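Treat the numbers as computed from the prediction; the structure is a model and nothing was measured. Chain naming here is simple, since letters A, B, ... match the order of the sequence lines and numbering starts at 1 in each.
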Amino acid sequence: MIDLRLVRDDPDRVRASQRLRGARESLVDALLSADDRRRSSVTRADALRAEQKALGRDVAKADARTRPALLSRARELAEHVKAAEADQVAAEEALRAAHLAVPNIVEPDVPPGAEADFITLEHVGTPPTPENPRDHVEIGAALGAVDTDRGAKVSGARFYFLTGVGAELELALVNLAMDQARTAGFTPVIAPALVKPEVMEGTGFLGAHASEVYRLADDELYLVGTSEVALAGFHSNEILETLPRRYAGFSSCFRREAGSYGKDTRGIIRVHWFDKVEMFSYVPVDEAREEHQRLLAWEREFMDKLELAYRVIDVAAGDLGSSAARKFDIEAWFPSQGAYRELTSTSNCTTFQARRLNIRTRTDGGTQPVATLNGTLCAVARTIACLLDHHQQPDGSVYVPLALRPWLGGRESLVP
RNA sequence: GGAGGCUUCGCCUAGUCUGGUCUAUGGCGCCGCACUGCUAAUGCGGUUUGGGUCUAAAGCCCAUCCCGGGUUCGAAUCCCGGAGCCUCCGCCA
């Protein structure tokens with residue numbers, strides 16, 4: 001949810017943001033009129049309630065003679081109060097719906113346009129160009145590390161088993177990521193993968209991308225698509241006395257991948273389930289942009305440890321999620337595809353999620369919503385795919401980056 | 001899965017049986033002021049969170065006693081439903 005005060009005071013800024021995203025400007029006007037209607041209905045209901053309370057006190061004090069007359073007046077007033085309250089509730093619900101429909105306001109320097117209009121900020125490293133590169137499915141099968149056939153047999157398309165050194169790779173990556181995060185001051189967290197509707201809605205995933213989310217209808221629970229969801233819910237309905245707070249969450253992530261038929265059908269780049277280590281920060285609003293840069297720096301540090309060639313992109317406004325004001329992706333080089341593919345993503349959600357989830361801090365001017373930010377440290381399955389692809393050797397082995405070796409029993413390469 | 005108990009403004013707590021200045025009591029903590037040569041102690045005052053009104057502040061008003069309904073002129077209090085926590089029984093990795 002965006003700041004209603006800003007909508008009232010500077011609606012043109014909100015309209016401009018909608019334009020940048022390619023979203024409807026009319027939503028802003030709908031929000032303004034819903035806000036108007038709510039306030040007038042609240043004022044009316046408040047006045048009636050005040051009158052009712054005063055009359056109620058008179059009833060309590062009245063003697064037997066004057067009581068009946070007061071009571072009949074009070075009964076009549078009660079009807080009016082009831083009607084005004086019903087009107088207030090309707091107006092509040094309408095406002096909430098209009099409010100939820102407006103995505104976060106984008107930062108001023110976000111590139112306008114759609115998915116393809118991203119700006120590349122930097123290239124790091126030299127992309128390896130092996131001759132006749134094999135993809136991670138072939139390499140993973142040869143190493144006995146990835147078994148997609150049995151994944152499909154047991155769970156269906158886009159599922160997999162990590163076996164042998166594949167399973168070891170996951171544990172090594174998770175340990176390396178958690179180790180880095182802890183050193184940087186993050187609190188390690190193992191987070192639940194099932195959350196309540198209000199938490200899922202609070203993080204903004206039930207809007208335009210609701211069809212991406214697995215829902216357990218029998219239990220009114222959702223499977224998270226990212227650890228961000230549980231980490232954002234962690235402090236919901238709280239006033240945080242101390243900031244910043246940084247958490248590194250590990251959890252499984254589940255995605256329906258509706259509408260991605262035909263994309264990345266091979267291997268474990270795009271799957272229904274994977275594990276992830278995610279950074280999540282709660283900071284004061286005016287520190288959000290700096291924190292965003294820090295998250296990006298930590299992501300780059302991790303990429304560097306894996307000795308990967310990558311590029312950093314500034315995601316275009318039309319490709320931002322509804323919660324994000326700005327997003328940077330890191331895309332690493334996949335030799336077999338001759339392309340950069342997204343490995344991590346970091347978003348500044350400013351106060352958008354905190355408003356929905358009611359997470360505040362104290363300032364001189366009273367309580368204020370905090371800013372929330374998230375960034376991938378390691379999305380395990382895709383990172384394994386990249387490592388196998390990126391570090392493949394002509395002799396069929398796979399080079400193990402230095403930083404990973406301590407977590408893999410000192411192995412310098414993986415040999416079939 | 002079954003039985004019972006509990007949930008009050010940061011923490012603890014009074015109030016619920018018997019509906020009406022509950023406009024929620026007291027303690028701890030915290031903030032401010034006063035006093036004493038400093039600290040401590042003591043005294044006085046303040047201290048839930050939202051919303052509305054107002055140019056703004058002050059003030060005034062409304063809501064908030066786990067959540068949602070209901071009864072009533074009026075609900076922390078009575079009734080129904082739900083959640084969370086605790087105890088016991090059963091089952092279980």
For this session: Can you tell me, in whole Å, how much space there is between the P of B:rC38 and that of B:rG45?
Result: 24 Å

Seminar exercise, completed: Per atom distances to the A:T43 side chain, the nearest of B:rU53, B:rG20, B:rG74 is B:rU53

Exercise. For RNA chain B, whose closest nucleotide is more 5', that of A:G56 or that of A:K196?
Worked result: A:G56

Problem set entry | Protein proximity profile, nucleotides 55-65 of chain B - base contact B, sugar-phosphate-only contact S, no contact -, cut-off 4.0 Å on heavy atoms | ------SSS--

Exercise. Across all strands shown, which nucleotide pairs with B:rC65 by Watson-Crick or G-U wobble geometry, both distances under 3.5 Å?
Worked result: none

Exercise. Once the angle between the rings of A:W273 and A:Y160 is folded into 0 to 90°, is it parallel (under 30°), tilted (30 to 60°) or perpendicular (over 60°)?
Worked result: parallel

Problem set entry | side chain to side chain contact (heavy atoms under 4.5 Å, CB included) partner of A:T344, the single match among A:L377, A:L296, A:T376 | A:T376

Problem set entry | Nucleotide B:rU49, atom P - distance to CZ of A:R360 in whole Å | 8 Å

Problem set entry | Residues A:R215 and A:E220 bridged, charged N to O under 4.0 Å | yes

For this session: Report yes if a side-chain nitrogen or oxygen of A:R38 is closer than 4.0 Å to either non-bridging phosphate oxygen (OP1 or OP2) of B:rG52; otherwise report no.
Result: yes

For this session: Take the protein atom CG of A:D58 and the nucleotide atom C1' of B:rC73, then report the distance between them rounded to whole Å.
Result: 11 Å

Exercise. Given atom CG of A:N237 and atom C1' of B:rA83, what is their separation to the nearest angstrom?
Worked result: 14 Å

Problem set entry | Partner nucleotide of B:rA34 by Watson-Crick or wobble geometry (both distances under 3.5 Å) | B:rU42

For this session: Could you give the distance separating B:rC12 and B:rG68 at their P atoms, to the nearest angstrom?
Result: 22 Å

For this session: Could you work out which one of B:rU53, B:rG74, B:rG51 sits closest to the side chain of A:R39?
Result: B:rU53

Exercise. CD of A:E238 versus C1' of B:rU49: gap in Å, rounded?
Worked result: 15 Å

Exercise. Under 6.0 Å between the ring centres of A:Y310 and A:H390?
Worked result: no

Problem set entry | Verdict with supporting geometry, A:E238 and A:R360, salt bridge (charged side-chain N to carboxylate O under 4.0 Å, His left out) | CA-CA 6 Å; A:E238 291 183 29; A:R360 294 162 294 167; over 6 Å; no

Problem set entry | Pairing partner of B:rC6 (Watson-Crick or G-U wobble, both distances under 3.5 Å) | B:rG84

For this session: Run the salt-bridge test on A:R341 and A:D264 with the 4.0 Å N-O cut-off and return the result as yes or no.
Result: yes

Exercise. B:rG74 and B:rU21: how far apart are their P atoms, nearest whole angstrom?
Worked result: 15 Å

Exercise. Is A:L55 touching bases, backbone alone, or none of the nucleic acid, heavy atoms closer than 4.0 Å?
Worked result: nothing

Exercise. Using atom P of each nucleotide, how far apart are B:rU18 and B:rA24 to the nearest Å?
Worked result: 25 Å

Exercise. Using purine N1 to pyrimidine N3 plus N6-O4 or O6-N4 for Watson-Crick, or N1-O2 and O6-N3 for G-U wobble, both under 3.5 Å, which nucleotide pairs with B:rC92?
Worked result: none

Exercise. In whole Å, what is the span from the CZ atom of A:R362 to the P atom of B:rC30?
Worked result: 15 Å

Problem set entry | B:rG43 to B:rU55 separation - P atoms, rounded to the nearest Å | 45 Å

Exercise. What interatomic distance, in whole Å, is found between P of B:rU23 and the corresponding atom of B:rA63?
Worked result: 10 Å

Exercise. What pairs meet the ring-ring contact (aromatic ring centres under 6.0 Å, His included) rule with one or both residues in residues 170-200 of chain A, with sequence neighbours excluded?
Worked result: A:F186-A:W298

Exercise. When the distance from CG of A:D35 to P of B:rG51 is rounded to whole Å, what number comes out?
Worked result: 12 Å

Exercise. Checking all strands, does A:Q52 fall into the base, sugar-phosphate, or nothing category for heavy-atom contacts under 4.0 angstrom?
Worked result: sugar-phosphate

Problem set entry | salt bridge (charged side-chain N to carboxylate O under 4.0 Å, His left out) evaluation trace for A:D109 with A:R289 | CA-CA 12 Å; A:D109 25 7; A:R289 296 191 69 165; 3.4 Å; yes

For this session: Give none if B:rG20 has no partner; otherwise give the nucleotide forming a Watson-Crick or G-U wobble pair with it, both distances under 3.5 Å.
Result: B:rC73

Exercise. Is any side-chain N of the basic residue among A:E25 and A:R19 closer than 4.0 Å to the acidic one's carboxylate O?
Worked result: yes

Problem set entry | Whole-Å C1' distance, B:rU8 and B:rA75 | 14 Å

For this session: Let me know, please, whether A:Q368 or A:A78 comes out on the 5' side of the other along RNA chain B by nearest nucleotide.
Result: A:Q368

For this session: Rounded off to whole Å, could you give me the CD1-to-P distance for the A:I239 and B:rC30 pair?
Result: 19 Å

For this session: Any strand is fair game: report the nucleotide pairing with B:rC54 by Watson-Crick or G-U wobble, both distances under 3.5 Å, or none.
Result: none

Exercise. Which base sits across from B:rU47 as a Watson-Crick or G-U pair, both distances under 3.5 Å?
Worked result: B:rG29

Exercise. Which value, in whole Å, describes the distance between the P atoms of nucleotides B:rC66 and B:rC11?
Worked result: 13 Å

For this session: Could you walk me through whether A:E291 and A:R294 pass the salt bridge (charged side-chain N to carboxylate O under 4.0 Å, His left out) test, one step at a time?
Result: CA-CA 5 Å; A:E291 183 71 4; A:R294 282 191 284 266; 2.9 Å; yes

Exercise. Which part of the nucleic acid, if any, lies within reach of A:R44 when heavy atoms closer than 4.0 Å are counted: base, sugar-phosphate only, or nothing?
Worked result: nothing

Exercise. Between B:rU53 atom P and A:D36 atom CG, what is the distance in whole Å?
Worked result: 10 Å

